[in-house]
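When a residue number appears, it is its place in the shown sequence, counting from 1. What you see is a predicted model; the values in this text were computed from it and never measured. Just so you know, ligand 1 is whichever comes first in the structure, and atom 1 is the first atom listed for that ligand.
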Amino acid sequence: MTDSTREPSIFSRIIAREIPATIVYETETLLAFEDIAPQAPVHVLVVPKTERYANVVELSAGDPALLAEMVAAASRIAAERADGEFRLIFNTGGSAGQTVFHVHAHVLAGSPLEEGTLAH
Ligand code: AMP
């Protein structure tokens with residue numbers, strides 16, 4: 001949930017164009033950009049512009065339509081940048097490898113995808 005005293009997340013700073021990223025897709029509600037440390041031929045992060053939801057569990061409870069928009073964006077990105085097939089990963093919690101607590105989906109595509117990618 002939003003805490004107005006908290007520093008903006010690194011993703012909010014990318015959304016605000018305060019720090020650079022290679023942006024591949026944008027809507028009113030979402031921004032998608034290349035991961036800085038790619039783990040597949042296509043590795044794009046899809047991020048809601050709101051920082052209200054820390055992870056996919058909060059998002060699915062609070063705004064399921066926005067989660068559906070993220071899935072649609074992932075599909076579109078995989079179709080544009082690979083063969084349309086993709087892996088969609090939401091790390092949820094630190095012990096699952098989540099490092100940025102502003103919900104985001106990793107879109108991995110481009111064959112062959114290796115098993116275990118993003119399993120940190
Ligand atoms: P997670 O570990 O699931 O929280 O994913 C965070 C992801 O953000 C990692 O894959 C990082 O490589 C990526 N990341 C961190 N900083 C940046 C940045 N400035 N631009 C693009 N991707 C970033």
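Looking at Asp35, Asn55, Asn91, Val100, it is Asp35 that brings a heavy atom closest to atom 7 (C) of ligand 1.
The contact set between ligand 1 and Ile10, taken as ligand atoms under 4.0 Å from a residue heavy atom, comprises 16 (N), 19 (N). Applying the 4.0 Å criterion to heavy atoms of Ile14 picks out, from ligand 1, the atoms 18 (C), 19 (N), 20 (N). For ligand 1, the atoms closer than 4.0 angstrom to any heavy atom of Ala37 are 12 (O). Interface of Leu45 with ligand 1, defined as ligand atoms under 4.0 Å from a residue heavy atom, comprises 8 (O), 13 (C), 22 (N). For ligand 1, the atoms sitting less than 4.0 Å from at least one non-hydrogen atom of His104 are 1 (P), 3 (O), 4 (O), 5 (O), 6 (C), numbered in the order shown with element in parentheses. Close contacts between ligand 1 and Thr99 involve ligand atoms 1 (P), 2 (O), 4 (O), 5 (O), 6 (C) [criterion: under 4.0 Å to a heavy atom]. Interface atoms of ligand 1 facing His106, defined by a heavy-atom separation under 4.0 Å, are 1 (P), 3 (O), 5 (O), 7 (C), 10 (O).
Counting heavy atoms under 4.0 Å from ligand 1, residue Glu34 touches it through the backbone alone. Contacts between Ile36 and ligand 1, counted as non-hydrogen atom pairs separated by less than 4.0 Å, involve both the backbone and the side chain.
Ala105 pairs by the side-chain contact (heavy atoms from CB on, under 4.5 Å) definition with Val46, Met70, Leu88, Phe90, not counting sequence neighbours.
Ser60 and Leu67 make their closest contact through CB-CD2, 3.6 Å (heavy atoms, listed as atom of the first residue, atom of the second, distance). Here the closest non-hydrogen pair linking His43 and Ala37 is ND1-O, 3.9 Å. Looking at every heavy atom in both residues, Glu51 comes nearest to Ser12 through OE1-OG, 2.6 Å. Taking all atoms of both residues into account, the shortest heavy-atom contact from Ala109 to Ala78 is CB-CB, 4.4 Å.
In this structure, Phe11 counts as a contact residue of ligand 1, since one of its heavy atoms falls inside 4.0 Å of the ligand. No heavy atom of Phe101 sits closer than 4.0 Å to any atom of ligand 1. Heavy atoms of Ile89 come nearer than 4.0 angstrom to ligand 1 in no pair at all. Taking a 4.0 Å cut-off on heavy atoms, Ala21 fails to register as neighbouring ligand 1.
The backbone N or O of Tyr53 sits nowhere less than 3.5 Å from a side-chain atom of Glu58 that would complete a donor-acceptor pair.
A distance below 6.0 Å separates the ring centres of His106 and His104.
At least one N or O atom of Gly97, backbone or side chain, sits closer than 3.5 Å to an N or O atom of ligand 1. Between Gln98 and ligand 1, no N or O atom pair is found at a separation short of 3.5 Å.
In this structure, the side chains of Pro48 and Thr29 stay at 4.5 Å or more apart for every pair of heavy atoms. Glu34 places a side-chain heavy atom less than 4.5 Å from the side chain of Arg81.
Here Ile10 is tied into one hydrophobic group with Phe11, Ile14, Ile15, Ile19, Ile23, Leu31, Phe33, Leu45, Val47, Val100, each link being a pair of ILVMFWY side chains closer than 4.5 Å.
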